[in-house]
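Comments concern the structure below.
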Amino acid sequence: MTASSLPDLPCHLNGEFGTLATAKVSVMDRGFIFGDGVYEVVPVYAGRPFRFEEHMARLDRSCAEMRMANPKDRAGWRQLVAQLAEAYAQYAGKALEDTSQMVYLQLTRGVAMRDHAMPPGIEPTVFAFVNRLYIYPAEERAQGVACVTADDFRWKKAHIKSTSLAGAVLARQLSADEGANETIMFRDGFLSEGSSSNVWVVKDGVVLGPPRDNLVLQGIRYGVLEELCRLAGVPFELRRVSRDEVLAADEVLLSSATKEVIACTRLDGRPVGNGRPGPIYEQLFNGYQQAKRISP
Ligand code: PDD
């Protein structure tokens, strides 16, 4: 695929609106050269960004870790998301209320001659685009998805939502090669996360997930699932989860901005629990749909 054959989806680059097919960045952009940038993926339902403040707080944390200044305040990002959401509705020929979208926001350190050290005084590159948010059809959800396991060979700053994603790309391809949906990774025998999602284990009615530390990206759905569990009276515990516990789980769930919450029903070709999405999944999925409708 060449740039000109990309879809005409709306995008924004350094203050200008355009389309994916026409927007251009410098070959010396540090995002291109080093993956020296950070990003967010914000789901937008019927024009309302979901958990926007949480996404912005994480963007600020990523910027701080990367020693980058965030060039926009919350209102600036909110306006950009609203403009892209509106542009997508027009692109799709739909009313904004009838769309589900994902807005991708990216900041790179900017353009400079190649040098690993951070060049002082350069302007960050701000890029954003919008696309439809894939909503899993009911039949697909009822099946759940297949995953494979792999060693977590990524770096030890997985808590930064960095555009340096070579490790995630290599990890994801392991499942793609098997026709599976996600790669679930383990570091030193303990669950970390998926290549682009968080992973949850249900055992005896308790939802377990890895601690909020540097080995996982703290997905915005960490907070959402914790809240949904509290509302549903389901115990929710963050602690190290061993590989054996994952393999013996009653249910395994994935969460992300784009997957929402989905059941993993086959792991390395074997059924998880009884091989069907379980009752905790159903509860959390329904809670998530309700949260989308009522709480921005
Ligand atoms: N990925 N862990 C990793 C490594 C991720 O890349 C993601 C999200 C998550 C889930 O985070 P959240 O709930 O905030 O979406 C966990 C996004 C969707 C992506 O890269 O496309």
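All ligand and atom numbering here is 1-based and tracks the order in the structure. None of the values given here were measured: they were computed from a predicted structure. Keep in mind that the numbers below use all heavy atoms, side chains included, and drop hydrogens, waters and symmetry copies.
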Say whether Arg58 and ligand 1 are in contact under the criterion: heavy-atom distance to a ligand atom below 4.0 Å. yes
Measure the distances from the heavy atoms of Ser197 to every atom of ligand 1 and state whether one is below 4.0 angstrom. yes
Could you check whether Asp213 pairs with Arg240 (Lys NZ or Arg NE/NH1/NH2 to Asp/Glu carboxylate O, under 4.0 Å)? no
Among Pro43, Ser256, Ser255, Ser196, which one has a heavy atom closest to atom 7 (C) of ligand 1? Ser196
Do Tyr88 and Tyr91 have ring centroids that are under 6.0 Å from one another? yes
Closest non-hydrogen protein atom to atom 20 (O) of ligand 1, residue and atom name please, with distance? Tyr39 OH, 2.7 Å
How close do Glu282 and Pro277 get, heavy atom to heavy atom, and via which atoms? OE2-CB, 4.5 Å
Atom indices of ligand 1 within 4.0 angstrom of Arg221 heavy atoms, with elements: 12 (P), 13 (O), 14 (O), 15 (O)
Parallel, tilted or perpendicular, judged at 30° and 60°: which one describes the rings of Phe17 and His12? perpendicular
When you measure from atom 10 (C) of ligand 1 to every protein heavy atom, which one gives the shortest distance, and what is it? Asn198 OD1, 3.5 Å
for atom 11 (O) of ligand 1, nearest protein heavy atom and its distance come out as Gly219 CA, 3.2 Å
Give the numbers and elements of all ligand 1 atoms closer than 4.0 Å to a heavy atom of Gly194. 4 (C)
With a 4.0 Å cut-off on N to O distance, would you call Arg78 and Glu53 a salt bridge? yes
Region of Ala168 engaging ligand 1 - heavy atom pairs below 4.0 Å: neither
Gln218 to ligand 1, any heavy atom closer than 4.0 Å: no
State whether a side-chain donor-acceptor pair under 3.5 Å links Gln173 with Asp177. yes
For atom 3 (C) of ligand 1, what's the nearest protein heavy atom and its distance? Glu193 OE1, 3.4 Å
Can a salt bridge be assigned to the pair Arg154 and Glu193 using a cut-off of 4.0 Å between side-chain N and carboxylate O? yes
Does the gap between the ring centers of Phe50 and Phe52 come in under 6.0 Å? no
Is the closest basic N to carboxylate O distance between Glu178 and Arg266 below 4.0 Å? no
Have Ser256 and Ser197 got a donor and an acceptor in their side chains that come within less than 3.5 Å? no
Is ligand 1 under 4.0 Å from a heavy atom in the side chain of Val41, in the backbone, in both, or in neither? side chain
Considering the heavy atoms of Ala257, write down every atom of ligand 1 situated less than 4.0 Å from one of them. 12 (P), 13 (O), 15 (O)
For atom 17 (C) of ligand 1, what's the nearest protein heavy-atom neighbour? Residue, atom name and distance, please. Lys161 NZ, 3.4 Å
Atom 18 (C) of ligand 1 - nearest protein heavy atom and its distance: Thr258 OG1, 3.9 Å
Answer side chain, backbone, both or neither: which part of Ala158 comes under 4.0 Å from ligand 1, heavy atoms only. neither
Within the 4.0 Å heavy-atom shell around Ile220, which atoms of ligand 1 are there? 12 (P), 13 (O), 14 (O)
What orientation do Tyr134 and Tyr136 show, parallel under 30°, tilted 30 to 60°, or perpendicular over 60°? perpendicular
